[in-house]
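Only one structure is covered here, and it is reproduced in the block below.
Every number for a ligand or one of its atoms is a count from 1 in the order of the listing.
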Amino acid sequence: MRTLLTRDPDEAAAVLRRGGLCVLPTETVYGLAALAYDADAVRRVFEAKGRPSDNPLIVHLGEAAEADEVAHVTALGGDLLRAFAPGPLTVVLPARPGLPPAVTAGLGTVAVRVPLAPLARAVLRSTGPLVAPSANRSGRPSPTTWAAAAEDLDGRVDAILQGPPTTVGLESTVVDATGDVPLVLRPGAVTLDALEAQFPASRAVAAEAEQTRRSPGTRHRHYAPRAQVHLVAPGDASPSGDAAWIGLSPPPSGYALATVCPDVEAYARQLFDAFRRADAAQLSRIDAEAVPEVGLGVAVMDRLRRAAAG
Ligand code: TXA
Ligand code: MG
């Protein structure tokens with residue numbers, strides 16, 4: 001398949017409206033979009049990514065008000081959407097009938113998100129609800145640039161909408177809103193602190209078993225570059241010409257590549273790109289410096305642990 005590269009959101013929307021697959025920029029990571037109600041297009045999303053069929057997809061909406069069409073919006077879900085949409089938050093709600101079963105993996109719930117990125121919103125206004133998993137081959141780091149998405153999906157999708165690098169760099173915070181209190185299934189840029197400020201009883205799923213049960217995607221190997229990721233204590237560097245460094249501290253000389261981030265926001269933004277650059281340079285190891293698990297540091301450490309486990 002020949003993949004169309006375009007900078008025109010109308011052209012991207014036209015591809016999607018006729019049942020095509022199109023990579024879209026959001027503020028978190030690039031997504032691989034298809035019409036949410038087109039079962040055949042949804043099936044091809046799983047195929048293009050090599051994604052396990054038991055991992056449900058997020059339905060993206062142009063406006064929070066559209067959530068009513070795909071989900072039963074709980075009181076808590078409505079409050080969360082009013083507080084954080086549009087933005088890097090995904091809310092899990094009881095699903096309404098009508099979506100292809102593959103979207104929800106038969107869970108009875110559906111994840112919805114209203115992206116903030118202008119290009120994504122422009123496309124969504126013209127297409128209606130879109131599924132959009134991260135635009136990587138399953139198991140690879142999420143793409144934060146259109147070129148990274150092309151690296152994984154060129155020839156497997158109909159089009160790529162070429163936008164700017166994403167501003168957040170990590171996937172959205174996934175929050176279960178089927179109950180009375182927000183339950184964080186996947187940490188992201190909407191931090192537990194930010195949730196607690198409005199919903200004091202918010203909590204993160206603690207046990208891994210519970211996380212796997214509620215959010216099947218977290219079971220699968222994730223975010224892993226080909227190089228071996230080592231999570232190292234602050235300042236604990238072992239420079240090598242066969243290794244890359246990423247962290248808040250400048251490393252001693254001797255690394256083949258070094259990404260030094262001025263703050264944890266920059267760490268989040270640059271992490272997946274640093275992984276991909278280490279792979280492009282065929283390095284065998286990535287030393288990733290641990291950060292304090294507060295605020296956005298929780299999400300950074302979550303992705304680093306998963307990558308190190310892969
Ligand atoms: O930032 C993001 O969320 C990006 C951009 C493109 O919007 N999308 C993304 O999609 O990261 P994906 O498919 O890579 O991750 C979706 C996550 C998975 O962990 C999945 O298991 C979880 O959301 N999820 C989807 N539907 C769910 C549901 N009904 N219940 C629980 N978890 C769900
Ligand atoms: Mg993903």
Side-chain angles (χ1 to χ4, degrees), residues 22-34 36 42 45-46 48-61 70-72 77 84-96 99 101-117 119-121 123-124 129-144 146 148-149 152-153 161 163 166-179 183-190 205 210-224 268 272 299 302-303 306-307 310:
C22 181
V23 169
L24 295 183
T26 84
E27 71 279 17
T28 55
V29 299
Y30 273 69
L32 171 54
V42 169
V45 166
F46 281 86
K49 280 185 58 91
R51 183 180 179 104
S53 59
D54 62 350
N55 193 359
L57 304 178
I58 297 172
V59 176
H60 294 63
L61 306 168
V70 295
H72 297 282
F84 296 105
L89 179 79
T90 294
V91 180
V92 174
L93 296 166
R96 282 192 195 279
L99 287 164
V103 173
T104 60
L107 288 178
T109 55
V110 59
V112 299
R113 153 161 147 76
V114 185
L116 180 60
L119 281 173
R121 303 198 78 188
V123 172
L124 282 161
L130 296 172
V131 293
S134 51
N136 50 283
R137 290 276 291 164
S138 198
R140 296 266 298 144
S142 294
T144 55
W146 68 261
D152 281 18
L153 296 178
L161 179 56
T166 63
T167 51
V168 174
L170 301 179
E171 306 85 352
S172 61
T173 307
V174 178
V175 176
D176 184 326
T178 58
L183 183 60
V184 177
L185 303 180
R186 177 175 75 181
V190 173
V205 274
E210 190 186 3
Q211 186 176 36
T212 300
R213 183 170 56 78
R214 292 181 181 264
S215 189
T218 55
R219 163 174 56 236
H220 301 287
R221 183 172 178 271
H222 261 85
Y223 318 115
F272 290 147
D302 171 73
R303 304 312 191 272
R306 289 173 194 286

Between [X] and [Y], is any pair of side-chain heavy atoms under 4.5 Å apart?
| X | Y | value |
| --- | --- | --- |
| Phe84 | Val91 | no |
| Pro115 | Leu124 | yes |
| Arg51 | Val45 | no |

Q) Thr26 pairs by side-chain hydrogen bond (donor to acceptor under 3.5 Å, both in side chains) with which of His60, Arg113, Arg121? A) Arg113

Give the numbers and elements of all ligand 1 atoms closer than 4.0 Å to a heavy atom of [X].
| X | answer |
| --- | --- |
| Ser134 | 8 (N), 9 (C), 10 (O), 12 (P), 14 (O) |
| Val92 | 30 (N), 31 (C) |
| Pro133 | 10 (O), 12 (P), 13 (O) |
| Thr109 | 28 (C), 29 (N), 30 (N) |

Q: List in chain and number order the residues that pass side-chain hydrogen bond (donor to acceptor under 3.5 Å, both in side chains) with Thr166, two or more places apart in sequence or in another chain; answer none if no residue qualifies.
A: none

Q. NE2 of His72 to OG1 of Thr178: how many Å apart, nearest 0.5 Å?
A. 12.5 Å

Q) How long is the gap from CG on Leu24 to CG on Leu130, to the nearest 0.5 Å? A) 6.5 Å

Q) Is it true that Val29 lies under 4.0 Å from ligand 1, counting heavy atoms only? A) yes

Q: May I ask you to check if any N/O/S atom from Ser134 comes under 2.8 Å of the Mg ion (ligand 2)?
A: yes

Q: Only heavy atoms count here, so choose which of Arg186, Arg113, Arg51, His60 is nearest to atom 13 (O) of ligand 1.
A: Arg51

Q.
Which option wins on minimum heavy-atom distance to atom 8 (N) of ligand 1: Ala95, Gly31, Ala105, Ala132?
A. Ala132

Q. Taking distance alone, with no angle check, do Lys49 and ligand 1 share an N/O pair under 3.5 Å?
A. no

Q | Check: Thr28 N/O within less than 3.5 Å of ligand 1 N/O | A | yes

